[in-house]
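Structure, as structure tokens:
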Amino acid sequence: MHDFWTETESAIRRAYDITDKKILEKAVDLGRGGSTAVTAILINGEKLVVANVGDSRAVICKNGMAKQLSVDHEPAKEREVIENRGGFVSRLPGDIPRVDGQLAVARAFGDKSLKRHLTSEPDITVEMIEDDTELIILACDGLWKVCYVKPRGNRLYKDAQAAKHLTEEARFQEKQG
């Protein structure tokens, strides 16, 4: 058994694999769909370990500068892996690359009907937290499709206030079309 605090990356990979298997086991009850995910674990207040599958993202802000810590798993970028697993990437219907013409991400939990062509293997990034670290945002593609992170004067939102502001901003942007 691996120690979570000393072998965090291995523990996260196992947790993602177990989560995927549990979702697939419950597919009859949960339905055919799946999910993307992003997680962040802070160790000793200084080491941030971020993992993700799909298009859920982690963004950190240091000295007013935003930096994406996660990787979007786009089918076009992972075409070779998908094809090696017997699948295909198509831009039909629409103009977004999709696994087997259905799913717009190359990695996800669940999605039983496509599982043989995609994986739940996370990408993992390690970032050191220092005095200049202001905040981290973990969000699904619903937020990132309508918002982007940029400095807003000297105003810094913290805790639930930041989440509330981002939610309000995302709703406003969505209405703007």
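Note on Ile12: it clusters hydrophobically with Trp5, by side-chain heavy-atom contacts below 4.5 Å among ILVMFWY residues. Following chains of ILVMFWY side-chain contacts shorter than 4.5 Å, one cannot reach Phe109 starting from Val81, and the two form parts of different hydrophobic clusters. Residues Leu42 and Ile60 are members of one and the same hydrophobic cluster, defined by side-chain heavy-atom contacts under 4.5 angstrom among Ile, Leu, Val, Met, Phe, Trp and Tyr. Cluster annotation: Tyr16 and Phe4 are assigned to the same hydrophobic cluster (Ile/Leu/Val/Met/Phe/Trp/Tyr, side-chain heavy-atom contacts under 4.5 Å, transitive). Residues Ile23 and Val53 share a hydrophobic cluster, clusters being chains of Ile/Leu/Val/Met/Phe/Trp/Tyr side chains in contact below 4.5 Å.
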> side chain to side chain donor-acceptor pair (under 3.5 Å) between His73 and Asp55: does it pass, once the steps are laid out?
Replying inline: CA-CA 6 Å; His73 297 117; Asp55 54 6; over 6 Å; no
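Residues Gly54 and Thr36 approach most closely at CA-CG2, 3.6 Å, considering heavy atoms. Minimum interatomic distance between Ala27 and Lys112 (heavy atoms only, all atoms of both residues): CB-CD, 3.8 Å. Across all their heavy atoms, Thr133 and Lys62 have their closest contact at OG1-CE, 3.2 Å. Across every non-hydrogen atom of Asp20 and Gly110, the tightest pair is OD1-N, 2.8 Å. Residues Gly87 and His117 come closest through the heavy atom pair N-CD2, 3.3 Å. Listed here is the closest heavy atom pair of Leu138 and Ala40: CD1-CB, 3.9 Å.
With rounding to the nearest 0.5 Å, the separation of CD1 in Ile124 from CG in Leu69 is 13.0 Å. In this structure, the separation between CE on Met128 and CD1 on Ile43 is 9.0 Å, given to the nearest 0.5 Å. From Asn44, atom CG reaches atom CD1 of Ile129 across 12.5 Å, with rounding to the nearest 0.5 Å. Atom CD1 in Ile18 sits 10.5 Å away from atom CD in Glu25 (nearest 0.5 Å). Put simply, SG on Cys61 and CE on Met65 are 8.5 Å apart, with the number rounded to the nearest 0.5 Å.
Of the charged side-chain nitrogens involved, none lies within less than 4.0 Å of a carboxylate oxygen, so that Lys115 and Asp111 do not count as a salt-bridged pair. With respect to the salt-bridge test (charged N to carboxylate O, under 4.0 angstrom), the residues Arg13 and Glu121 qualify. Salt bridge status for Asp72 with Lys77: absent, with no side-chain N to carboxylate O gap under 4.0 Å.
The closest side-chain heavy-atom distance from Lys67 to Glu127 is below 4.5 Å. Arg57 places a side-chain heavy atom less than 4.5 Å from the side chain of Gln68. With a 4.5 Å cut-off on side-chain heavy atoms, Val50 and Val38 count as touching. A 4.5 Å side-chain heavy-atom check between Val105 and Leu118 finds every atom pair outside the cut-off. Taking 4.5 Å as the limit, every side-chain heavy atom of Ser90 sits out of range of all side-chain heavy atoms of Arg98. Side-chain contact between Leu103 and Pro75 is absent, with no heavy-atom pair separated by less than 4.5 Å. When side chains are defined from C-beta on, Ile41 does not count as touching Lys47, because their heavy atoms never get closer than 4.5 Å. Contact of the Val126 side chain with the Leu48 side chain is not registered, since no non-hydrogen atoms from C-beta on lie closer than 4.5 Å.
A distance-only check finds a donor-acceptor pair linking the side chain of Asp100 to the backbone of Phe88 [under 3.5 Å]. In this structure, the side chain of Arg107 does not engage the main chain of Ser120 through any donor-acceptor pair within 3.5 Å. With hydrogens and angles disregarded, a donor-acceptor distance shorter than 3.5 Å links the side chain of Arg79 to the backbone of Val89. When atom types are taken as modelled, the side chain of Thr125 and the backbone of Ser70 share no donor-acceptor pair closer than 3.5 angstrom.
By the 6.0 Å contact criterion, CD on Glu80 is open, its count of non-hydrogen atoms from other residues, nucleotides or ligands being 12 or less. Counting heavy atoms of neighbouring residues, nucleotides and ligands inside a 6.0 Å radius, atom CG of Asp131 does not exceed 12 of them.
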